[in-house]
Amino acid sequence: MTQRPLLPAMFLLMGLALAGCQQATQDTSAAESAQAPIAIVIHGGAGTVTRELMTPEKEATIRAALTAALEAGYARLASGESSLEAITAAIHILEDTPEFNAGRGAVLNFDGMIEHDASIMDGATGQAGAIAGVSVENGGLRHPIDAARAVMMHSPHVMLSGAGAKTFAESQGLEFMAADWFFTDDVYQRWQDAQNAQTSNAESQDTRWYSTVGAVALDKQGNLAAGTSTGGMTNKRWGRIGDSPIIGAGTYANNDSCAVSATGHGEYFIRHVVAYDICARMAYQGKRLTDAADEVINQILLEAGGAGGVIAMDPRGNIAMPFNTPGMYRGFIDTNGQITIAIYGDE
Ligand code: ASP
C-alpha cells in the first residue's frame, strides 16, 4: 500500500495543535475533544482489479478520486462536523467520478438504463435511509446518497423505491441531471459485452467486477456512520435490487460495535446479512473488528461463493478492509492523520 503524509496546511496545523494538547494537562474538555480520534475509510468497489486490466491513466484517475474523496471527508471531521457529513462529502466525489459504478457512470441494466440504489446509517441514533431502483430516465439524481439521507432525515420511512423515491427526492429539492449526463462509453461497452456474453454463454467481465462506492467515518463526538451508493450489477433485470440499499446487508452502523459498507455480488451479501453479521460478531462474541470482518468475508462469504469485500471501522477508529477478490479500490485516513490508498491485492 502506498502511504504519504497529508499535505494540506490545515492538517499540519491540526497535528501541531494536537501535539500541543498532548503535552498539556489531560483534564480539560478542550484537550479531550482535540484528542478525540477521527478517521475515514472509503471503497470504490471490489473485483478483478489487476494490473493487467488497468491502464496508467485509469489508475491515476482512480487514485486521485479516492484521495480527493478521503480529503473532503476528513476535512469535515477535522472541523468538527459529523460522520454523516463526512461520508456524504466523500461519496459525492465518488458518485461524480465516472470510473465508479455510482451516480455518473453507474452500470446499465438489461434495458440499457441506469437505476441507482443507495443507503446511509447513523451509528449514534440507529436511524437509516435508503433508495432503490431509481431510474435516470427523464432525469436522474446526481447524488443518490443525498436521497437516502433525505429519506432518513425527512420521512417516516427507511426505504423508498422507483418513481416514488424520485418524487420524494424532487420534493426535497435534491439535484437532478439530464439522463445523458450519467452515461459513459465505458459502461456502454461493458453492457454490450454482458449482452453478448449472455447470448454466447461466454463469461462476462462484469460478473467479476464491482465498482460500487462507500464510506465509513468516526467523528469527534465518537459517532460512526456508513453509506453506500451504486448502480447495482450490469445487465440486472426485473427491477433487481442488490445489497447496497439494504440496511444490514450492504450498509450498517452502530456506535456500540462498528460501521460497514460493502461491495460485491449483492445476492450473497443479502443472504448472509454481511454488514450486520460483522458488527454482531463484535457485539455478541466480543471479537475484534479485523477478526469479525475477516471471518465474514474470507470464510463465510468465500465458502458460499460470494465475491466482494467491505470497509469497516470500530468506535476507536480501527479500520478493516478485507476482500476475497483480486483487488478492491480502497483508502483511509487513520486516527494519526495518515492517508493510505490501495487498489490491488498487495497495494
Ligand atoms: N453490491 C452491488 C450490488 O450487488 C454491486 C457492487 O458492489 O458493485 O448491487
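When a ligand or atom number is given, it counts from 1 through the structure's own listing order.
Taking only nitrogen or oxygen atoms, main chain and side chain alike, Glu267 does not reach within less than 3.5 Å of ligand 1. The shortest N or O to N or O distance between Asp243 and ligand 1 is below 3.5 Å. For Ala262, no nitrogen or oxygen atom sits less than 3.5 Å from a nitrogen or oxygen atom of ligand 1, counting backbone and side chain alike. The N/O atoms of Thr263, backbone and side chain alike, include one that comes under 3.5 Å of an N/O atom in ligand 1.
Residue contact check for ligand 1: Gly264 places a non-hydrogen atom closer than 4.0 Å to it. The closest approach between any non-hydrogen atom of Ser211 and ligand 1 is below 4.0 Å.
Taking 4.0 Å as the cut-off between side-chain N and carboxylate O, Glu59 and Arg63 count as a salt-bridged pair.
Counting only heavy atoms from C-beta outward, the side chains of Glu85 and Ser79 never approach each other to under 4.5 Å. By the 4.5 Å heavy-atom criterion applied to side chains, Arg149 and His143 are not counted as neighbours. Two residues are said to be in side-chain contact when any heavy atoms from C-beta on lie closer than 4.5 Å; Leu66 and Ile62 meet this criterion.
Side-chain atoms of Gln192 and Asn196 form no donor-acceptor pair, as typed in the model, at a separation below 3.5 Å. No side-chain donor from either of Ser244 and Thr228 sits under 3.5 Å from a side-chain acceptor of the other.
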Begin with the C-alpha distance, continue with both residues' side-chain angles, and end with the deciding distance and a verdict on ring pair (Phe, Tyr, Trp, His ring centres under 6.0 Å) for Phe182 and His116.
CA-CA 11 Å; Phe182 294 91; His116 290 130; 5.4 Å; yes
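Here atom 9 (O) of ligand 1 lies nearest to Arg240 when heavy atoms of Arg240, Lys236, Met328 are compared.
Evaluated for a side chain to side chain contact (heavy atoms under 4.5 Å, CB included) with Ile40, the options Ile333, Ile339, Ile319 yield exactly one hit, Ile333.
For ligand 1, the atoms sitting less than 4.0 Å from at least one non-hydrogen atom of Gly266 are 4 (O), numbered in the order shown with element in parentheses. Ligand-side atoms of ligand 1 in range of Gly232: 5 (C), 9 (O), range being under 4.0 angstrom from any heavy atom. Listed by number with element, the atoms of ligand 1 under 4.0 Å from a non-hydrogen atom of Met233 are 4 (O). Taking every heavy atom of Ser244 and a limit of under 4.0 angstrom, the matching atoms of ligand 1 come to 1 (N), 2 (C).
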